[in-house]
Asks: 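My questions all concern the structure below.
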Amino acid sequence: MTITSPNLGSSAAWTDARLLYALEEVVEKELNRHLKVAKDWMPHEYVPWSDGRNFPGLFEDGEAWDKEQSKVTEIGRIALVVNLLTEDNLPSYHHEIATLFGRDGAWGTWVHRWTAEEGRHGIVMRDYLLTSRAVDPDKLEQFRMAHMSEGFESDNRHSMLHSVAYVAFQELATRISHRNTGHQSGDPVCDRMLARIATDENLHMVFYRNLLKAAFELAPDLTMQAVRDVVVNFRMPGHGIPGFERAAAQMAIGEVYNLRIHHDDVLQPVLRFLKIMEIDGLGPEGRQAQEELGLFMGGLDAEAAKFDEKLAARKARMAARAAG
């Protein structure tokens, strides 16, 4: 597949403003497609309200939270808190993309629509967690205050192309994290709720993935460099959550999100769709970025294989202990 830039002769000629303008028609097309396939849903319909009861506070009959009240598994609780706290920073995410993409035209319409759809996720997750008593409500609120008080700044705020590349992968990573959390939660109600959220995240990924494909047709060298940078330096937006590293390690062992999942279920599907390694006609910087991306993916696969071996050995030890 050969990609050339029909509008501007060199990568240096592309600025964020020119790329935003050049991609406006693609954004409008993808927005219209998204609106046709996206289905409205009601967060309150996914919450087991009849399970709810008062917590201590203004209510004299309030019942304090206890771990035994939860139907959710330990790994489910950990992942649910990480996922919800990530969703909680929506105001900062909106600020970031509204600043980069603008508030006018098709770009602005998408920014506001995306924000409105994402808002449902935090609503339904918090209502579920509190109603089902899946997590300690006091600690959840303390974590929320600490996390949001820190704010959020995207690693890719310097570049519109880098930001589009990042969200193409990040939306899929979020989908996978929610879906696997549901599978590991031990509660069918939680699983259904997170499946609904994951459907939204997948549609968001498709929007950004298709936009990234269009960017390759306009500015292949710059886009290849952006994808290389994002993949090599990728980290989830919730990395600032208190205790995130420990929680991420537990989620890796619990097979909610780990190196193998990141490589196989997040990076590879997007890279395959874009046919990254088949793109030719690149300039020197684009070719270098393509080669470095290929080397990185090979190295990541090797690291994932080592993690797989350690995880299998751990499962074997646990099984032996259980049998003994």
Side-chain angles (χ1 to χ4, degrees), residues 11-24 26-27 30-31 82-83 85-119 121-122 146-175 177 201 204-205 207-216 218-242 244-245 248 262 266-267 270 274 285-286 289 292-293 296:
S11 295
W14 284 111
T15 63
D16 271 7
R18 283 175 171 164
L19 278 168
L20 282 166
Y21 179 78
L23 289 168
E24 179 87 22
V26 180
V27 172
E30 288 302 315
L31 173 62
V82 169
N83 291 353
L85 292 176
T86 300
E87 299 284 358
D88 273 334
N89 248 341
L90 182 60
S92 287
Y93 307 150
H94 174 84
H95 173 77
E96 291 283 323
I97 65 171
T99 301
L100 277 165
F101 300 155
R103 295 171 173 82
D104 302 317
W107 280 104
T109 303
W110 166 255
V111 166
H112 296 307
R113 173 72 189 198
W114 174 87
T115 302
E117 291 184 3
E118 287 286 340
H121 303 169
H147 184 44
M148 292 192 69
S149 295
E150 288 293 319
F152 172 82
E153 285 190 344
S154 169
D155 295 332
N156 303 287
R157 60 189 178 279
H158 63 286
S159 160
M160 187 276 286
L161 261 184
H162 282 72
S163 296
V164 170
Y166 175 74
V167 288
F169 294 103
Q170 179 265 319
E171 292 283 1
L172 182 52
T174 305
R175 171 192 179 271
S177 181
E201 303 290 7
H204 298 163
M205 178 276 293
F207 177 94
Y208 288 120
R209 184 196 65 184
N210 292 351
L211 194 56
L212 189 58
K213 182 179 180 181
F216 265 112
L218 289 171
D221 288 311
L222 285 178
T223 308
M224 185 67 75
Q225 292 172 73
V227 170
R228 184 267 321 272
D229 293 344
V230 164
V231 169
V232 169
N233 299 299
F234 184 88
R235 57 179 182 167
M236 293 292 274
H239 58 80
I241 292 170
F244 178 78
E245 291 186 3
H262 183 61
V266 176
L267 298 182
V270 176
L274 296 170
E285 292 181 336
E292 289 174 353
L293 184 58
F296 176 82

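Along the sequence shown, the residues carry numbers beginning at 1.
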Asks: Donor-acceptor pair, distance only, cut-off 3.5 Å: does the side chain of D221 make one with the backbone of E285?
Replies: no
Asks: So, for A219 and L19, which heavy atoms are closest and what is the spacing to 0.1 Å?
Replies: CB-CD2, 4.4 Å
Asks: Is F152 close to T86 at the side-chain level, that is, under 4.5 Å between some pair of heavy atoms?
Replies: no
Asks: Taking all non-hydrogen atoms of both residues, which atom of L161 and which atom of D16 are closest, and how far apart?
Replies: N-OD1, 4.4 Å
Asks: Can you check whether V26 reaches N210 side chain to side chain, under 4.5 Å on heavy atoms?
Replies: no
Asks: Give the intermediate values and the outcome of side-chain contact (heavy atoms from CB on, under 4.5 Å) for residues N83 and S177.
Replies: CA-CA 8 Å; N83 291 353; S177 181; 3.1 Å; yes
Asks: Quick one: sort the H204 and W110 rings into parallel, tilted or perpendicular, breaks at 30° and 60°.
Replies: perpendicular
Asks: For residues L31 and W114, determine if any side-chain heavy atom of one lies less than 4.5 Å from a side-chain heavy atom of the other.
Replies: no
Asks: List for me each residue that meets side-chain contact (heavy atoms from CB on, under 4.5 Å) alongside F296, sequence neighbours excluded, and say none if there are none.
Replies: V231, V232, L300
Asks: Has T174 got a side-chain atom pairing as donor or acceptor with Q170's backbone, closer than 3.5 angstrom?
Replies: yes
Asks: Roughly how far, to the nearest 0.5 Å, is CE of M148 from CD1 of I241?
Replies: 11.5 Å
Asks: Mind checking what makes side chain to side chain donor-acceptor pair (under 3.5 Å) contact with D229, not counting sequence neighbours?
Replies: H162
Asks: Looking at W107 and L20, would you say the former's side chain and the latter's main chain have a donor-acceptor pair under 3.5 Å?
Replies: yes
Asks: Indicate the atoms forming the closest heavy-atom contact of T223 with A215, along with that distance.
Replies: OG1-O, 3.2 Å
Asks: Could you report the tightest heavy-atom contact between E96 and E153, atom names first, then the distance?
Replies: OE2-CA, 3.6 Å
Asks: Going by ring-ring contact (aromatic ring centres under 6.0 Å, His included), name the residues that satisfy it together with H94, two or more places apart in sequence or in a different chain.
Replies: H112
Asks: Over all heavy atoms of both residues, which pair between A173 and M236 is shortest? Give the atoms and the distance, please.
Replies: CB-SD, 3.6 Å
Asks: Drop me the distance from M160's CE to I97's CD1, to the nearest 0.5 angstrom.
Replies: 13.0 Å
Asks: Is H147 close to P242 at the side-chain level, that is, under 4.5 Å between some pair of heavy atoms?
Replies: yes
Asks: Nearest 0.5 Å, please: how far is CD in E87 from NE2 in H121?
Replies: 6.0 Å
Asks: Could you check whether any side-chain heavy atom of L218 comes within less than 4.5 Å of a side-chain heavy atom of W14, counting everything from C-beta outward?
Replies: yes
Asks: Between R18 (side chain only) and T15 (backbone N and O only), is there a donor and an acceptor less than 3.5 Å apart?
Replies: no
Asks: Applying side chain to side chain donor-acceptor pair (under 3.5 Å), can you list everything that pairs with R209, at least two apart in sequence or on another chain?
Replies: none
Asks: Do F216 and V227 have side chains that get closer than 4.5 Å, going by heavy atoms?
Replies: yes
Asks: Are the side chains of Y166 and D155 in contact, using a 4.5 Å heavy-atom criterion?
Replies: no
Asks: Atom OG1 in T109, atom CZ in R103: separation rounded to 0.5 Å?
Replies: 13.0 Å
Asks: Tell me, please, which residues at least two apart from F244 pass ring-ring contact (aromatic ring centres under 6.0 Å, His included).
Replies: none
Asks: With side chains defined as the heavy atoms from C-beta onward, is the minimum distance between E118 and E171 less than 4.5 Å?
Replies: yes
Asks: Could you measure the distance from the NE2 atom of H95 to the OG1 atom of T115? Nearest 0.5 Å is fine.
Replies: 12.5 Å
Asks: For the atom pair CE (M205) and CG (L212), what is the distance rounded to the nearest 0.5 Å?
Replies: 11.5 Å
Asks: Could you work out, with ring-ring contact (aromatic ring centres under 6.0 Å, His included) as the rule, every residue matching F169, not counting sequence neighbours?
Replies: none
